[in-house]
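Encoded as structure tokens, the structure appears first; notes follow it.
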Amino acid sequence: DAGITQSPRHKVTETGTPVTLRCHQTENHRYMYWYRQDPGHGLRLIHYSYGVKDTDKGEVSDGYSVSRSKTEDFLLTLESATSSQTSVYFCAISGTGDPYEQYFGPGTRLTVT
Amino acid sequence: AQRVTQPEKLLSVFKGAPVELKCNYSYSGSPELFWYVQYSRQRLQLLLRHISRESIKGFTADLNKGETSFHLKKPFAQEEDSAMYYCALSIQGAQKLVFGQGTRLTINP
């Protein structure tokens with residue numbers, strides 16, 4: 001496995017609380033991505049980053065924000081969690097040499113009650 | 001707009017039978033397509049890409065631009081092929097992928 005870790009791996013939180021998920025890589029890859037995985041919807045891109053402090057929205061960015069202050073860390077924040085954000089969240093990375101092959105983290109299962 | 005469609009959420013075949021997982025795409029640019037796989041308790045990983053024209057674990061996929069399809073095929077399914085399969089389309093110049101809804105393949109003994 002590529003050097004990608006996600007924390008926490010599991011989280012249960014209440015509606016309205018803020019939540020931050022962390023993705024950490026040791027590969028020094030330029031690109032980092034956050035996806036959510038839901039039955040019937042597959043993988044949908046939330047936000048991605050193409051460098052430190054450079055981020056852009058994906059197709060389901062509402063209710064989420066991201067930050068990347070270091071190459072190795074990409075944070076996903078749910079400012080005020082809602083039940084519709086219950087999902088499995090995956091981080092992925094890719095390098096400049098092959099930006100289209102993405103390496104995925106183990107996932108974070110988030111439950112919003 | 002770019003879109004990837006996998007019409008089958010679930011697919012079940014018997015061991016030794018041929019398997020085909022369907023993928024159709026919509027994209028105005030020059031497509032580059034991939035198949036990713038997620039085995040039980042493992043990370044999502046790249047299975048193959050069309051540009052390589054290779055066979056991985058007995059699977060092949062041919063890009064058909066006329067039918068805008070990239071179906072994944074294997075002539076003789078094995079139990080270890082049971083997994084979730086995602087078709088993905090690259091977006092030129094944006095360094096990102098668009099994934100389909102996924103197909104869960106189950107190989108019965």
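By convention in this document, chain letters (A, B, ...) are assigned in the order of the sequence lines, proteins followed by strands, and residues within each chain are numbered from 1.
Using a 4.5 Å heavy-atom cutoff, the side chains of A/Y31 and B/K96 are not in contact. In this structure the side chain of A/E101 reaches within 4.5 angstrom of the side chain of B/R49, judged on heavy atoms. A/F90 has its side chain within reach of B/Q38: a pair of non-hydrogen atoms, C-beta onward, lies under 4.5 Å apart.
A chain of hydrophobic side-chain contacts below 4.5 Å, direct or via other Ile, Leu, Val, Met, Phe, Trp or Tyr residues, connects B/L63 to B/V4. By the criterion of side-chain heavy atoms lying less than 4.5 angstrom apart, applied directly or through intervening Ile, Leu, Val, Met, Phe, Trp or Tyr residues, A/F74 is grouped together with A/I93 in one hydrophobic cluster. Taken together through direct or relayed side-chain contacts under 4.5 Å among Ile, Leu, Val, Met, Phe, Trp and Tyr, B/L47 and B/L21 form part of one hydrophobic cluster. Neither B/L105 nor B/L44 shares a network with the other; the hydrophobic side chains, linked directly or stepwise wherever heavy atoms of I, L, V, M, F, W or Y lie under 4.5 Å apart, form separate groups for each. The cluster map of Ile, Leu, Val, Met, Phe, Trp and Tyr, joined by side-chain heavy atoms under 4.5 Å apart, puts A/L110 and A/I46 in the same cluster.
If you measure heavy-atom distances from A/Y35 to chain B, the contacts under 4.5 Å come from the side chain alone. With a 4.5 Å cut-off on non-hydrogen atoms, B/Q6 does not touch chain A at all. For a residue to count as touching a neighbouring chain, one of its non-hydrogen atoms must lie under 4.5 Å from one of that chain's; by this rule B/Q42 does not touch chain A. Of the atoms belonging to A/Q37, it is side-chain heavy atoms, and not backbone ones, that fall under 4.5 Å from chain B. Heavy atoms closer than 4.5 Å to chain B are found in both the backbone and the side chain of A/L43.
Shown here is B/E79, whose CD atom has more than 12 heavy atoms of other residues, nucleotides or ligands within 6.0 Å. The neighbour count for B/E80 CD, taken as heavy atoms of other residues, nucleotides or ligands under 6.0 Å away, is above 12. Within 6.0 Å of atom CZ in A/R44, more than 12 heavy atoms from other residues, nucleotides or ligands are found, so the atom counts as buried in its surroundings.
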task: Please report the C-alpha distance between A/I4 and B/R43 in whole Å, then the side-chain angles of each, then the deciding distance to 0.1 Å, and finally whether the side chain to side chain contact (heavy atoms under 4.5 Å, CB included) criterion is met.
output: CA-CA 11 Å; A/I4 313 167; B/R43 301 186 185 197; 3.9 Å; yes

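Looking at B/Y36, its side chain does come within 3.5 Å of a backbone N or O of A/Q102 through a donor-acceptor pair.
Between chain A and the residues B/S90, B/A88, B/G102, the most heavy-atom pairs under 4.5 angstrom are made by B/S90. Interface summary for chain B: among A/G107, A/G105, A/G58, A/G40, the most heavy-atom pairs under 4.5 angstrom belong to A/G105.
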